[in-house]
Amino acid sequence: MVRRIPRGKVATYGQVARLAGVANGARQVGYALHALREGTTVPWFRVLNAQGASSLRDGHDVTQRLLLEREGVRFRADGRVSLDLHGWRPRGRATPRAASRRASKDCGAS
DNA sequence: GCGGTGACGGTCG
DNA sequence: CCGACCGCCACCG
């Protein structure tokens, strides 16, 4: 599921769990991502908690922020991401503006 | 097998 | 809008 998150978008642990068919599996998603090896191709950094913040510690949250900013995700002054703005919507439910923005980014920007 | 723990989250105050 | 409180469930000692 995490691999399906488009560049420039973020999903929450709970969202990934539900999309994977697990109703209350947010913590398990975190556990699974925690078990990833260093050279993984899974875009783990696109997963944030429900508050739009990184759940990592010991400075690893900075790495996550860097990777996200690298693909255009903007962090607010409080260090959190607006899910309204960057949250991934598999069903494409969004404002016209968000839709056009997504179209341009998903289409190969980098 | 048991209890503590966590890259979480919905509810309440 | 925050913090505190549970509920959740796979791991681990």
Side-chain angles (χ1 to χ4, degrees):
Chain A
M1 282 314 308
V2 175
R3 279 201 174 93
R4 295 194 192 179
I5 307 172
R7 281 185 289 96
K9 290 294 178 182
V10 300
T12 68
Y13 293 91
Q15 179 182 10
V16 170
R18 286 192 298 279
L19 290 172
V22 184
N24 297 320
R27 301 193 80 143
Q28 285 68 278
V29 171
Y31 189 88
L33 294 183
H34 187 61
L36 291 172
R37 302 292 188 79
E38 172 137 3
T40 183
T41 58
V42 177
W44 55 269
F45 52 88
R46 293 181 188 142
V47 183
L48 299 173
N49 61 33
Q51 288 71 35
S54 170
S55 284
L56 279 63
R57 309 185 195 192
D58 307 317
H60 289 284
D61 57 326
V62 179
T63 303
Q64 178 170 29
R65 174 170 180 160
L66 249 43
L67 287 167
L68 284 175
E69 290 183 321
R70 178 182 299 177
E71 38 181 60
V73 175
R74 309 285 295 278
F75 280 70
R76 294 187 247 147
D78 62 4
R80 294 161 51 185
V81 171
S82 167
L83 296 180
D84 281 338
L85 195 60
H86 295 102
W88 176 39
R89 294 175 181 72
R91 303 305 175 204
R93 195 71 55 229
T95 66
R97 208 171 70 75
S100 62
R101 178 177 45 65
R102 176 166 56 256
S104 63
K105 290 203 171 183
D106 290 356
C107 203
S110 176

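Below, chain A is the first sequence line, B the second, and so on; all start at residue 1.
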Atom pair CD (A:Q15) and CZ (A:R89), whose distance is rounded to the nearest 0.5 Å: 9.0 Å
Once you round it to whole Å, what is the distance between C1' of B:dC8 and CE of A:M1? 17 Å
A:E38 CD to B:dA7 P, straight-line distance once rounded to whole Å: 17 Å
d(NE2, A:H34; C1', B:dC8) in whole Å: 14 Å
Calculate, to the nearest 0.5 Å, the distance between atoms CZ and CG belonging to A:R65 and A:L67 respectively. 12.5 Å
Nearest-Å distance for atom pair CG/P, residues A:D58 and B:dA7: 9 Å
Rounded distance [0.5 Å steps], CD1 in A:I5 versus CH2 in A:W44: 12.0 Å
In whole Å, I'd like the distance from the CG atom of A:L67 to the C1' atom of B:dA7. 14 Å
d(CG, A:L36; P, B:dG6) in whole Å: 19 Å
Calculate, to the nearest 0.5 Å, the distance between atoms OG and CZ belonging to A:S55 and A:R27 respectively. 10.0 Å
Taking the side chain of A:S55 as heavy atoms from C-beta outward, which of B:dA7, C:dC2, B:dG10 is closest to it? B:dA7
Between the CG atom in A:L48 and the CZ atom in A:R80, the distance rounded to the nearest 0.5 Å is 11.0 Å
Less than 4.0 angstrom between a side-chain N/O of A:T12 and OP1 or OP2 of B:dG9, yes or no? yes
Hey, could you give me the NZ/CZ distance between A:K9 and A:R46, rounded to the nearest 0.5 Å? 11.5 Å
What's the verdict on side-chain hydrogen bond (donor to acceptor under 3.5 Å, both in side chains) for A:R74 and A:S82, showing C-alpha distance, side-chain angles and the deciding distance? CA-CA 8 Å; A:R74 309 285 295 278; A:S82 167; over 6 Å; no
Reading nucleotides 3-13 of chain C from the 5' end, what letters show protein touch, with B for base, S for backbone sugar-phosphate only, - for no heavy atom under 4.0 Å? ----BBBSSS-
Does B:dA7 have OP1 or OP2 under 4.0 Å away from a side-chain N or O of A:R46? no
Value in whole Å for how far the C1' atom of B:dG6 lies from CZ of A:R57: 8 Å
For A:R18 and A:V47, take the nucleotide of DNA chain B holding the closest heavy atom to each; which residue's nucleotide lies nearer the 5' end? A:V47
Length of the CD-P vector between A:Q51 and B:dA7, whole Å: 15 Å
Watson-Crick or G-U stems of DNA chain C, 3 or more pairs, under 3.5 Å, by first number: B:2-6 with C:9-13, B:8-13 with C:2-7
Let's go through A:F45 and A:R70 carefully: what are the C-alpha distance in whole Å and the side-chain angles of both, what is the deciding distance for side chain to side chain contact (heavy atoms under 4.5 Å, CB included) to 0.1 Å, and is it a yes or a no? CA-CA 11 Å; A:F45 52 88; A:R70 178 182 299 177; over 6 Å; no
Using the side-chain contact (heavy atoms from CB on, under 4.5 Å) definition, which of the options A:T12, A:L19, A:L83, A:V10 pairs with A:W88? A:L19
